[in-house]
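All values derive from a computational prediction rather than experimental measurement. Scope of the values below: all heavy atoms of this structure, side chains included, with no hydrogens, waters or symmetry mates.
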Amino acid sequence: MTSLTDSDLERLRYPVGRLQSRAGLTAGDRTRMIDTIAAFPAQFRAAASALDAAGLDTPYRPGGWTKRQVVHHVVDSHVNAFIRCQFALAQDEPTIAAYDEAAWSELPYARTAPVEDSLRILEALHARWTATLRMVEEGQWSRAIMHPENGRMTMDDLLQMYEWHCRHHLGHLKA
């Protein structure tokens with residue numbers, strides 16, 4: 001068996017590359033990113049549905065989560081993302097709570113439960129989240145939260161992070 005190089009492991013860990021945030025997003029940039037978030041649940045469902053139980057229980061890389069854990073993680077993450085956007089829009093730079101995604105991914109549900117419930121939650125969540133994002137006015141993209149680990153994060157930062165997060169984990173399921 002051929003051993004994987006550091007470069008191979010990096011590609012498996014980050015199938016779409018690492019997050020590259022930038023300042024100065026245009027309305028067109030934001031629309032494209034929101035469109036990615038809107039399209040994601042159907043693409044993610046299709047990728048998950050193509051896997052049998054053994055495929056879902058296969059890690060996407062050596063030492064990585066199983067694809068089942070990835071599905072449940074995405075829902076955990078995107079529920080938090082939606083709430084973070086709501087906080088940013090409704091309050092003046094609130095400090096939000098972080099969560100230990102690695103610990104959450106080791107909970108029994110994340111390791112063993114069928115993915116269907118998470119896929120249904122993702123579909124409904126993204127419908128509401130993208131409707132909210134499409135209503136954000138130009139001046140609101142600079143509204144922010146304070147993340148205990150990442151510092152100040154604007155709506156533009158959150159949009160970029162979670163648009164990337166969709167592509168990132170879709171890549172894991174398709175690997």
J.: Minimum heavy-atom separation for Pro62 and Leu12, please, with both atom names.
T.: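 In terms of heavy atoms, the two residues are closest at CD-CD1, 4.0 Å.
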J.: Salt-bridge test for Arg22 and Asp156: reply yes if a basic N is under 4.0 Å from a carboxylate O, no otherwise.
T.: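 So Arg22 does not pair with Asp156 through a salt bridge.
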J.: For Asp157 and Arg152, which heavy atoms make the closest approach, and how far apart are they?
T.: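 That would be OD2-O, 4.0 Å.
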J.: As an exercise, state the distance from CG of Leu158 to CD of Glu163, rounded to the nearest 0.5 Å.
T.: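 The distance works out to 13.0 Å.
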J.: Does the side-chain hydrogen bond (donor to acceptor under 3.5 Å, both in side chains) test come out yes or no for Thr66 and Gln69, once each step is laid out?
T.: CA-CA 5 Å; Thr66 66; Gln69 287 171 297; 3.3 Å; yes
J.: Are any non-hydrogen side-chain atoms of Cys85 and Thr132 less than 4.5 angstrom apart?
T.: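 SC-SC contact between Cys85 and Thr132 ruled out.
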J.: Can you find a heavy atom in the side chain of His172 that is under 4.5 Å from one in the side chain of Arg61?
T.: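 A side-chain contact under 4.5 Å is absent here.
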J.: Could you tell me whether the side chain of Arg68 and the main chain of Leu56 form a donor-acceptor pair under 3.5 Å?
T.: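 Side chain of Arg68 to backbone of Leu56: no pair is present.
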J.: Salt-bridged, Asp35 to Arg32, with N to O below 4.0 Å?
T.: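 Here Asp35 does not pair with Arg32 in a salt bridge, since their nearest N and O are not under 4.0 Å apart.
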J.: Can you sort out the partners of Tyr99 under side chain to side chain donor-acceptor pair (under 3.5 Å), two or more places apart, ordered by chain and number?
T.: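 In terms of side chain to side chain donor-acceptor pair (under 3.5 Å), with neighbours along the sequence ignored, Tyr99 is linked to no residue.
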J.: Got Ile34 and Thr31 here, is their nearest side-chain heavy-atom distance under 4.5 Å?
T.: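 No - every pair of side-chain heavy atoms lies 4.5 Å or more apart.
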J.: Check ring-ring contact (aromatic ring centres under 6.0 Å, His included) between Phe40 and all other residues, then give those that pass, not counting sequence neighbours.
T.: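 Partners of Phe40 under the ring-ring contact (aromatic ring centres under 6.0 Å, His included) test: Phe44, His78, His126.
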J.: Should the ring pair Trp129 and Tyr162 be called parallel, tilted or perpendicular, given that the plane angle runs from 0 to 90° and is split at 30 and 60?
T.: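 The arrangement is perpendicular - the two ring planes meet at more than 60°.
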J.: Go through it in stages, so that I can follow the logic: the residues are Met161 and Met33, the test is side-chain contact (heavy atoms from CB on, under 4.5 Å), and I'd like the CA-CA distance, side-chain angles, deciding distance and then a yes or no.
T.: CA-CA 10 Å; Met161 175 185 289; Met33 290 178 190; over 6 Å; no
J.: Nearest 0.5 Å, please: how far is CZ in Arg13 from CG in Asp6?
T.: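 Answer rounded to 0.5 Å: 12.0 Å.
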J.: Got a second to check how far Asp76's CG is from Leu122's CG, nearest 0.5 Å?
T.: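 So the CG of Asp76 and the CG of Leu122 are separated by 11.0 Å.
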J.: Could you tell me the separation between the CH2 atom of Trp141 and the CG atom of Leu89, rounded to the nearest 0.5 Å?
T.: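 Result: 8.0 Å between the selected atoms.
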J.: Counting only heavy atoms not in Asp100 (residues, nucleotides, ligands), do more than 12 fall under 6.0 Å from its CG?
T.: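 Count over threshold, so yes.
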J.: Locate the shortest heavy-atom distance separating Asp29 from Leu25; write the atom from each residue and the value.
T.: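 Reported closest heavy-atom pair: OD2-CA, 3.5 Å.
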J.: Atom OG1 in Thr36, atom NE2 in His165: separation rounded to 0.5 Å?
T.: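 Rounded to the nearest 0.5 Å, the OG1-NE2 separation comes out at 14.5 Å.
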J.: Below 30° counts as parallel, above 60° as perpendicular, anything between as tilted: where do the rings of Trp164 and His168 land?
T.: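 Aromatic pair Trp164/His168 classed parallel.
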J.: Would you indicate whether Tyr60, at its atom OH, is surrounded by more than 12 heavy atoms from other residues, nucleotides or ligands within a distance under 6.0 Å?
T.: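 For Tyr60, atom OH is crowded (more than 12 foreign heavy atoms under 6.0 Å).
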J.: Answer yes or no: is there a side-chain heavy-atom contact under 4.5 Å between Leu107 and His72?
T.: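 With C-beta onward as the side chain, the pair stays apart.
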J.: Any luck finding a side-chain donor-acceptor pair between Arg134 and Thr130 under 3.5 Å?
T.: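 No.
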J.: What are the two closest heavy atoms between Met155 and Val136, and how far apart are they?
T.: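 Nearest heavy atoms, Met155 then Val136: CE-CG2, 4.1 Å.
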J.: Answer yes or no: is there a side-chain heavy-atom contact under 4.5 Å between Gln86 and Arg128?
T.: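 Yes. Closest side-chain heavy atoms under 4.5 Å.
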J.: Between Asn80 and Arg84, is there a side-chain heavy-atom distance shorter than 4.5 Å?
T.: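 They are in side-chain contact.
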J.: Leu125 versus Pro41: any side-chain heavy-atom pair under 4.5 Å?
T.: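 A side-chain contact under 4.5 Å is absent here.
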J.: Supply the atom-to-atom distance Met153 CE to Gln160 CD, rounded to the nearest 0.5 angstrom.
T.: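 Reported value, rounded in 0.5 Å steps: 9.5 Å.
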J.: Please answer: with hydrophobic residues joined when any side-chain heavy atoms are less than 4.5 Å apart, are Val74 and Trp104 in the same cluster?
T.: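 No, no single cluster joins them.
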J.: What closest approach, in Å, do Val75 and Ser118 show between heavy atoms, and which atom pair accounts for it?
T.: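 Minimum heavy-atom contact is CG2-O, 3.1 Å.
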J.: Determine whether Leu19 and Val70 fall in the same hydrophobic cluster, where Ile, Leu, Val, Met, Phe, Trp and Tyr are linked whenever their side-chain heavy atoms lie under 4.5 Å apart.
T.: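 Yes; tracing contacts between hydrophobic side chains, which count when under 4.5 Å, links both residues.
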J.: Between Arg30 and Glu138, is the side-chain contact (heavy atoms from CB on, under 4.5 Å) condition met? List the steps.
T.: CA-CA 10 Å; Arg30 292 183 190 113; Glu138 181 62 34; 3.2 Å; yes
J.: Sequence neighbours left out, cut at 3.5 Å: what donor-acceptor pairs do the side chains of residues 108-115 make with other protein atoms?
T.:
| unit_1 | atom_1 | unit_2 | atom_2 | d |
| --- | --- | --- | --- | --- |
| Arg111 | NE | Glu106 | O | 2.8 |
| Thr112 | OG1 | Pro108 | O | 2.7 |

J.: Looking only at heavy atoms, what is the nearest atom pair of Leu170 and Ala47, with distance?
T.: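 Between these two residues, the closest heavy atoms are CD1-CB, 3.9 Å.
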J.: How about His169 and Lys67: do any of their side-chain heavy atoms sit closer than 4.5 Å?
T.: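 With C-beta onward as the side chain, the pair stays apart.
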